[in-house]
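As structure tokens, the structure follows; a few thoughts come after it.
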Amino acid sequence: MRSTTSNSALPDTSLKEPTEPLTLAPQHIAIIMDGNGRWARERGLPRRDGHRAGAESLREILEACIETGVSHLTVYAFSSENWNRPPEEIKALMSLLEHFLKEKTHEMMQRNVKLTSIGRTDMLPKKTRKQLHLAEEKTANNTKLTLNLALSYGSREEIVDAARQIAQKAAEGRIQPEDIDNNTISAHLYTAGTPDPDLLIRTSGELRLSNFMLWQISYAEIVISEKYWPEFRKAEFHQALDTYRSRHRRFGAL
Ligand code: IPE
Ligand code: IPE
Ligand code: MG
């Protein structure tokens, strides 16, 4: 089992047998929810319907995470590159997000789920930002699971923002360049204070990271599902967990 407090790129492996198969659920799962558009196209539906079906998958996977004892779920919902999509699609995505937040806040309260977000969320439309802010505020004291939405998120932007903050502190003499280490970087990322993901899932069979959590997933196990995100439900989630458990995490040791 990995350290629960480590925020470093090199997790503490000293307490476990390095080649021991994993028996416990991952603490933090990150998901690149991909394939909504292709799912819709194959059914002759507009892309919007794919995104709507994808929101249903998110609801189900959130439930599965709670049942399994996962404490952090980070989902890639909108990337900084997704701003390059046609305005109608962006509008549809934002409206679905507002709807999701409005509709699910009550359920998140009942299920003790805390909602957080990472990314340049100040770029979101005002209405979306408002719903996000309300949901974050309302669920702030919940403790069972943190659902972290990556919105207008890009990992390189996140690292740039961290570098700027650290440089600013150095310029003001509040930090010495030689004192900058892994922990300094981690502590200046949007994810500061949360454990690194143990498991990264990408759906729809794509084999790339698309600018997602480049720093944080250094030692995550990667599971690619061939299913489109709207088809990724509890059965597929448990299959991914089985794959994760069958891996031997070595963290560079023997
Ligand atoms: C993922 O599905 C959702 C977002 C990126 C917002 P896509 O919209 O990327 O679906 P495909 O990849 O075109 O099938
Ligand atoms: C990644 O999917 C972003 C999200 C899932 C939100 P994309 O569909 O945007 O990524 P590419 O274009 O396949 O790399
Ligand atoms: Mg895609």
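Index from 1, following the sequence. Remember, it's 1-based here, ligands and their atoms both numbered in the order they're listed.
With hydrogens left out, the protein atom closest to atom 14 (O) of ligand 2 is S210 OG, 2.6 Å, a heavy atom. From the protein, the heavy atom lying nearest to atom 9 (O) of ligand 2 is N82 ND2, 2.9 Å. Protein heavy atom closest to atom 10 (O) of ligand 1, with residue, atom name and distance, is G37 N, 2.9 Å. Distance from atom 13 (O) of ligand 2 to its nearest protein heavy atom, with residue and atom name: R208 NH2, 2.8 Å. M33 O, 3.0 Å is the protein heavy atom nearest to atom 1 (C) of ligand 1.
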field: Working for side-chain hydrogen bond (donor to acceptor under 3.5 Å, both in side chains), residues T191 and Q216
entry: CA-CA 8 Å; T191 49; Q216 297 90 333; 2.8 Å; yes

message: Walk me through whether W83 and S152 qualify under side-chain hydrogen bond (donor to acceptor under 3.5 Å, both in side chains).
response: CA-CA 8 Å; W83 289 115; S152 188; 2.9 Å; yes

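Distances shorter than 2.8 Å separate the Mg ion (ligand 3) from the protein N/O/S atoms D34 OD1.
With sequence neighbours left out, the salt bridge (charged side-chain N to carboxylate O under 4.0 Å, His left out) criterion links R41 to no other residue. Under the salt bridge (charged side-chain N to carboxylate O under 4.0 Å, His left out) criterion, R38 pairs with D34, E206, sequence neighbours left out. Looking at residues two or more places apart in sequence or on another chain, you find a side-chain contact (heavy atoms from CB on, under 4.5 Å) between A64 and K234, F237.
Using a 4.0 Å cutoff on heavy atoms, E206 does not count as a contact of ligand 2. Taking a 4.0 Å cut-off on heavy atoms, G35 registers as neighbouring ligand 1.
Contact annotation: the side chain of V223 approaches that of R247 to within less than 4.5 Å [non-hydrogen atoms, C-beta and beyond]. Side-chain contact between K126 and K130 is absent, with no heavy-atom pair separated by less than 4.5 Å.
Considering backbone and side-chain atoms alike, Y76 places every N or O at 3.5 Å or more from each N or O of ligand 2. Of the polar atoms of S79, none of the N or O atoms is found under 3.5 Å from an N or O of ligand 2, judged by distance alone. Any N or O atom pair closer than 3.5 Å counts here, and A77 shares no such pair with ligand 1. Here's the thing with W39: none of its N/O atoms is less than 3.5 angstrom from an N/O atom of ligand 1.
Using a 3.5 Å distance cut-off with no hydrogens or angles, the side chains of E81 and S210 do not pair a donor with an acceptor. For the residue pair N82/E89, the side-chain donor-acceptor check at 3.5 Å is not satisfied. N183 and S186 share no donor-acceptor pair across their side chains, judged by distance under 3.5 Å alone.
A donor-acceptor pair under 3.5 Å is formed between the side chain of R129 and the backbone N or O of L124. For N142 (side chain) and V113 (main-chain N/O), a donor-acceptor pair under 3.5 Å exists by modelled atom type.
Residue nearest to atom 11 (P) of ligand 1, selected from R38, E89, E81, R85: R38 (by heavy-atom distance). For atom 8 (O) of ligand 2, the candidate residues are I31, L93, D34; the nearest heavy-atom contact is made by D34.
At a heavy-atom cutoff of 4.0 Å, ligand 2 is contacted by the backbone of F78 but not by its side chain. Contacts between R47 and ligand 1 below 4.0 angstrom, taking non-hydrogen atoms only, involve the side chain exclusively.
Of all atoms in ligand 1, listed by their number and element, those nearer than 4.0 Å to a heavy atom of H51 are 3 (C), 8 (O).
Tested against S57 for a side chain to side chain donor-acceptor pair (under 3.5 Å), the candidates E231, K227, E236, R233 yield a single pass: R233.
Here E158 contributes atom CD and I185 contributes atom CD1; the two are 11.0 Å apart, rounded to the nearest 0.5 Å.
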